[in-house]
Amino acid sequence: MKKFVFYSIQIFSLFAIAGCSKDDDLISTSTEIADTTSIASESYSMVNDWISENMSLYYYWNTSLPASADINEYPEDFFYNLLHSSDYFSFITDDAAGLIEEFSGTTLALGFSPAFGKFNDSDQVFMIVEYVYNGSSAFEQGLKRGDIILKINGEYLDTDNYYDLYSQSGGYSVTLGAYIDGTIYETSTTYDIATTYLVLDPIIDYEVKEVNGIKIGYIVYVEFIAGDNDLFLRRMDQVMGELKSQGITELVVDLRYNPGGELTAAQHLASLLAPASTTSSGEAFVTFNYNDDLQNYFLRTEGSKSDNLKMRLETNSNNLNLSRVFFLTTNGSASASELVINGLEPYMDVVVIGEPTYGKYYGSYVIYNTDTPPAHNWAIIPVVMKYANSLGVTDFVNGLTPDIYIEDDLFAAKEFGNITDPMLASAIEQITGLSVGNARTVSPQKNYSTLLNKEKIARGNVMGVLSPADILN
């Protein structure tokens with residue numbers, strides 16, 4: 001067996017993206033975008049003019065845009081040269097059609113979420129599986145949480161090829177490795193995984209644990225996404241209704257690998273968890289602050305109670321009426337995940353178990369061209385606002401600090417719902433007073449650090465899908 005010895009590893013995650021479609025007059029409800037890849041002669045200056053116009057309107061730091069820029073640059077370079085030094089989240093794509101398709105929750109996918117690791121003092125890369133979607137090709141082949149992938153189509157992963165190999169269309173063969181005493185060994189196990197159209201339900205596991213006479217609900221939620229016609233919000237209602245009917249009195253929400261997503265999905269989840277007294281009275285969940293032009297526009301046209309300036313908790317017949325909720329987090333818990341935790345803090349006992357969250361308190365719009373036919377197929381996703389909870393808490397640059405610190409060790413990953421999982425075991429211990437597993441605070445073999453993919457985090461808080469209309473009249 002070939003072995004890979006390492007002393008320090010960098011791990012970073014790449015997730016399927018999540019987006020949103022907010023139902024108001026600012027947002028185009030059309031997601032039909034023509035494939036313009038054949039328009040090879042499009043003018044960079046035309047696209048860059050469009051980028052510049054929309055950045056001037058919507059960008060949170062619009063007063064800091066460069067006074068002059070090279071309008072003939074490649075659009076991707078032009079866009080990134082506009083960004084404020086504090087902005088690590090805005091991004092651009094030349095495949096608006098593909099982006100919108102993924103926002104629907106139904107897309108071509110392999111069906112698993114990987115973390116990528118880099119060997120110390122080497123260009124070699126490996127993947128660890130965070131979770132697998134039921135019904136996917138990866139699931140049918142037998143790939144499971146915690147599996148290590150060393151090769152794709154017989155080729156070892158390295159810093160130059162890993163993402164191209166992982167993201168290639170049509171599927172591929174993967175070769176697994178095994179982690180033994182600080183060393184990863186190549187095995188003879190291979191799986192042939194195909195890309196198929198999947199409905200990526202973000203609730204990938206839920207169940208009820210009864211411990212010491214206490215019924216504890218457990219839910220694994222991996223993306224904040226509403227889906228077409230609010231499919232996944234209805235699914236969330238169904239799951240919470242089932243947990244409620246089974247008489248749970250405590251709930252653990254696993255957000256370890258949730259990079260965020262649609263703010264309306266975050267509002268929906270929070271409204272299911274919060275005390276019924278706060279939802280029935282429509283208490284403020286979060287407030288939004290935009291650039292001066294956009295802020296004044298909303299105040300002038302909609303007033304201080306505008307839904308664009310303040311998001312409120314809402315009544316829901318499946319509300320669990322909890323006084324306490326537990327969240328499991330890692331550095332991969334970002335954006336809307338943090339918004340839910342932060343937004344609920346003023347109204348109930350929120351217990352966070354795991355690692356500090358990422359630290360993203362900004363939201364974005366997806367802006368694309370809706371001409372018929374479209375002049376180009378670029379989309380920009382700029383930061384347009386900063387959010388705070390009802391007490392004004394924001395700017396948590398180092399993430400949200402857990403109440404109980406426990407490291408997530410993917411090399412010793414347990415199946416979701418296994419009560420010996422250290423994070424879940426800790427939550428159960430806090431609820432029942434009983435020790436049900438190894439709720440260790442530090443993984444004894446964790447000799448690596450996390451390094452997240454910034455594009456995945458950038459897509460975490462998408463407020464709406466916009467046409468390039470000028471709303472500042």
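In what follows, residues are counted from 1 in the order of the sequence shown.
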Only counting residues at least two apart or in another chain, list the ones meeting side-chain contact (heavy atoms from CB on, under 4.5 Å) with S86. W61, H84

Which pairs, with at least one residue in residues 314-333 and sequence neighbours excluded, count as a salt bridge (Lys or Arg N to Asp or Glu O under 4.0 Å)? E250-R324

Residues at least two apart in sequence or cross-chain that pass ring-ring contact (aromatic ring centres under 6.0 Å, His included) with Y221, listed by chain then number, are F224

Kindly list each side-chain donor-acceptor pair under 3.5 angstrom involving residues 389-403, sequence neighbours excluded, with atom names and distances?
residue : atom : partner : partner atom : Å
N389    : OD1  : L391    : N            : 2.9
N389    : OD1  : G392    : N            : 3.1
N389    : OD1  : V393    : N            : 3.0
N389    : ND2  : N342    : O            : 3.0
N389    : ND2  : N342    : OD1          : 3.2
S390    : OG   : Y347    : OH           : 3.2
T394    : OG1  : Y387    : O            : 2.7
D395    : OD1  : K386    : NZ           : 3.1
D403    : OD2  : V352    : N            : 2.7

Go through the structure and list residues passing side-chain contact (heavy atoms from CB on, under 4.5 Å) with T159, not counting sequence neighbours. K118, D123, V125

Could you tell me which residues satisfy side-chain contact (heavy atoms from CB on, under 4.5 Å) with A138, sequence neighbours excluded, listed by chain and number? F112, V132, S136, L143, I193

Quick one: side-chain contact (heavy atoms from CB on, under 4.5 Å) partners of T190, sequence neighbours excluded? S173, T175

List the atom pairs, donor and acceptor, that lie under 3.5 Å between side-chain atoms in residues 211-219 and the rest of the protein, sequence neighbours left out.
residue : atom : partner : partner atom : Å
K215    : NZ   : Q246    : O            : 3.1
Y218    : OH   : D254    : OD2          : 2.7

Does anything in residues 161-177 form a salt bridge (Lys or Arg N to Asp or Glu O under 4.0 Å)? List the pairs, not counting sequence neighbours. none

Sequence-distant partners of Y60, ring-ring contact (aromatic ring centres under 6.0 Å, His included), two or more places apart: Y362

Under the salt bridge (Lys or Arg N to Asp or Glu O under 4.0 Å) definition, can you give me all pairs with a residue in residues 204-214, not counting sequence neighbours? E207-K209

Does the distance from a Lys or Arg side-chain N to an Asp or Glu carboxylate O, for D147 and K144, drop under 4.0 Å? yes

Sort and list the pairs that fulfil salt bridge (Lys or Arg N to Asp or Glu O under 4.0 Å) and have at least one residue in residues 326-338, not counting sequence neighbours. none

